2 protein chains.
Amino acid sequence: MTGELGGSCFGCQVRHTSEWCALNDAELTLLNNVKVPKSYEAGTTLFHQGDDCDGIYCVSSGLIGIRRLDADGNSTLVRLCGPGETVGYRSFLKKSGHRSTAEIMLPSVVCFVRRATVRTLLEQNPNLGLRFLDHTLKDAEEFEDRHFESVTLTVKARLLSLLMVLYERFGYLNENGESMIDLPISRQDIAALIGASPETISRSISAVQDEGLAQFKGREVRFRNLDALIEQLRPA
Amino acid sequence: MTGELGGSCFGCQVRHTSEWCALNDAELTLLNNVKVPKSYEAGTTLFHQGDDCDGIYCVSSGLIGIRRLDADGNSTLVRLCGPGETVGYRSFLKKSGHRSTAEIMLPSVVCFVRRATVRTLLEQNPNLGLRFLDHTLKDAEEFEDRHFESVTLTVKARLLSLLMVLYERFGYLNENGESMIDLPISRQDIAALIGASPETISRSISAVQDEGLAQFKGREVRFRNLDALIEQLRPA
DNA sequence: CGCGCCACTTGACGGTTATCAAGGTGGCTA
DNA sequence: TAGCCACCTTGATAACCGTCAAGTGGCGCG
């Protein structure tokens, strides 16, 4: 709920974009008293697939990766959650164990709210439930769209699409006014995210460079022709 | 809400499996008074992609197909909704236009409940909202799983998986005790549903027949070896 | 400094699948 | 019955992509 440990929910920068914007002052005070803010290093985890769901996590800053084990036991990245997003709420609402593992991708501050508190707030304030409903609707649509994309678009098109999504969240202009991203995830994770092999991702990246759309140096991406790139996403 | 036009919600066979099982008698009476049951021929539509959302539809009997237009303007089948399921509720909850077209696949009876009524019931009974939440969660999980399948399994495996789903809903034993399905959809729709071309579906069906798993005659499927078929779904 | 480790890249190959094209079948109307 | 049309099948071909394998480069560590 707050950018600094022990900070107040009332000062939290993401308060108005998270589910908790439905709460009134009294409820927010309750939340503020029982929430457990904590700072995490990259590589650590909030919970593991199969764990019991003891509560939910609100991302204040940083980036969380949601992973699932595939049939071969490999851990594959399923989605990313940034500031203002709530993690683990679907398992909470379903009253089931966690279906996935939540891994810290970037140094993050995350507030934990234990189950009983969320339940109390949900009973007190129906609007909070509606906020969760909205969030779930958004998730469902996102998965629907991605399913649609994965059977319609090629790997390269999906890569460009992902780059645009990441650009919206992590993009910036460098000193020369060029559009840039510092990718928060590895190529392997990119591969998992769009449902392709790491080799194909590597080749797709080469193709994107050959076409002069962008330059890749490690995790740094420099866009050369954002208009042409966006244009490639249109035709389908 | 009812198997016969003008019938009562109280006697509806799907009442206990639909969202409306959350309602008490008074609320059900309200619903019963304002709902509009209607019989539809195959090929007609409940609403079109882009239409305003004026309410939600509860499937009493028959089968509804949800279609979306792809980039080329082709209408592709996205999912099927059977008795007890509610159609168009996500657009309603999101207060947005319909993202897809709902087409009648089999002769169906569908009850329309207009927006104001649903809103009233939602305000009166928080449990109804939770039911919708559950449904949305299920939708999200389904698309998550299908996304996973579509990048993991071959077309033939996905076809077998779809056949099992359809068997659960439309399967029966014929006079010889053989497991059968009368497919409710065309091969083109099967193709769209699992994300493949119609030609590949046709070839996959041939392969399934060559392996002695099932016989296809038009839309009639006769299973030859259900155990072996299920076994092929396991390995993952 | 050398070593190993890991992520990434690149090449070669093969399998799966889409695409294009040419029949075939069944249902419908005239 | 003929003719048409939509749907389905079958064949040939090529594109896409996954897999296996070898090589590169960065980075920490002894």
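Reminder, nothing fancy here: chain letters follow the sequence lines and each chain counts from 1. Here the structure is a predicted model, which is why all the values come from computation and not from measurement.
- Distance CZ (Phe216(B)) to C1' (dT9(D)): 14 Å, rounded to an integer number of Å.
- One can place CZ of Arg158(A) at 11 Å from C1' of dC16(D), the figure rounded to the nearest angstrom.
- Between Phe112(B) and Tyr57(B), the ring planes are tilted. Angles from 30° to 60° get that label.
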Please tabulate, one pair per line, each protein N/O and nucleotide N/O from nucleotides 27-29 of chain D that are separated by under 3.5 Å, including the distance.
none

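- Taking the six-membered ring where tryptophan is involved, the planes of Tyr167(B) and Phe223(B) are perpendicular, since the angle between them exceeds 60° and thus also 30°.
- No hydrogens or angles considered: nothing links the side chains of Glu220(B) and Gln215(B) as a donor-acceptor pair under 3.5 Å.
- In this structure, Glu142(B) pairs ionically with Arg146(B), as a charged nitrogen and a carboxylate oxygen lie closer than 4.0 Å.
- Side-chain N/O atoms of Glu19(B) and Thr86(B) include a donor and acceptor closer than 3.5 Å.
- Taking a cutoff of 4.0 Å between a charged side-chain nitrogen and a carboxylate oxygen, Arg169(A) and Glu85(A) qualify as a salt bridge.
- Protein atom CG of Asp189(B) is 9 Å distant from nucleotide atom P of dC7(D), rounded to whole Å.
- Summarising the geometry, the separation between CZ on Arg203(A) and C1' on dA15(D) is reported as 14 Å, rounded to the nearest angstrom.
- Within residues 193-201 of chain A, the residues having any heavy atom under 4.0 Å from DNA chain C are, by residue number, Glu199(A).
- Annotation: cation-pi pair Arg115(B)/Phe92(B) absent, no NZ/CZ under 6.0 Å from the ring centroid and within 45° of its normal.
- Electrostatic pairing of Arg79(B) and Glu144(A) does not count as a salt bridge here, judged by no charged N lying under 4.0 Å from a carboxylate O.
- One interatomic measurement links the two molecules: NZ of Lys217(A) to P of dG25(D), which rounds to 16 Å at whole-angstrom precision.
- Between Phe132(B) and Trp20(B), the ring-plane angle classifies as perpendicular under the 30° and 60° cut-offs.
- Between the CG atom of Leu229(B) and the CG atom of Leu159(B) there is a distance of 8.5 Å, given to the nearest 0.5 Å.
- In this structure, Asp182(A) does not pair ionically with Lys217(A), as no charged nitrogen and carboxylate oxygen lie closer than 4.0 Å.
- Taking the 5' to 3' direction, DNA chain C first and last meets chain A under 4.0 angstrom from a heavy atom at dC8(C) to dA12(C).
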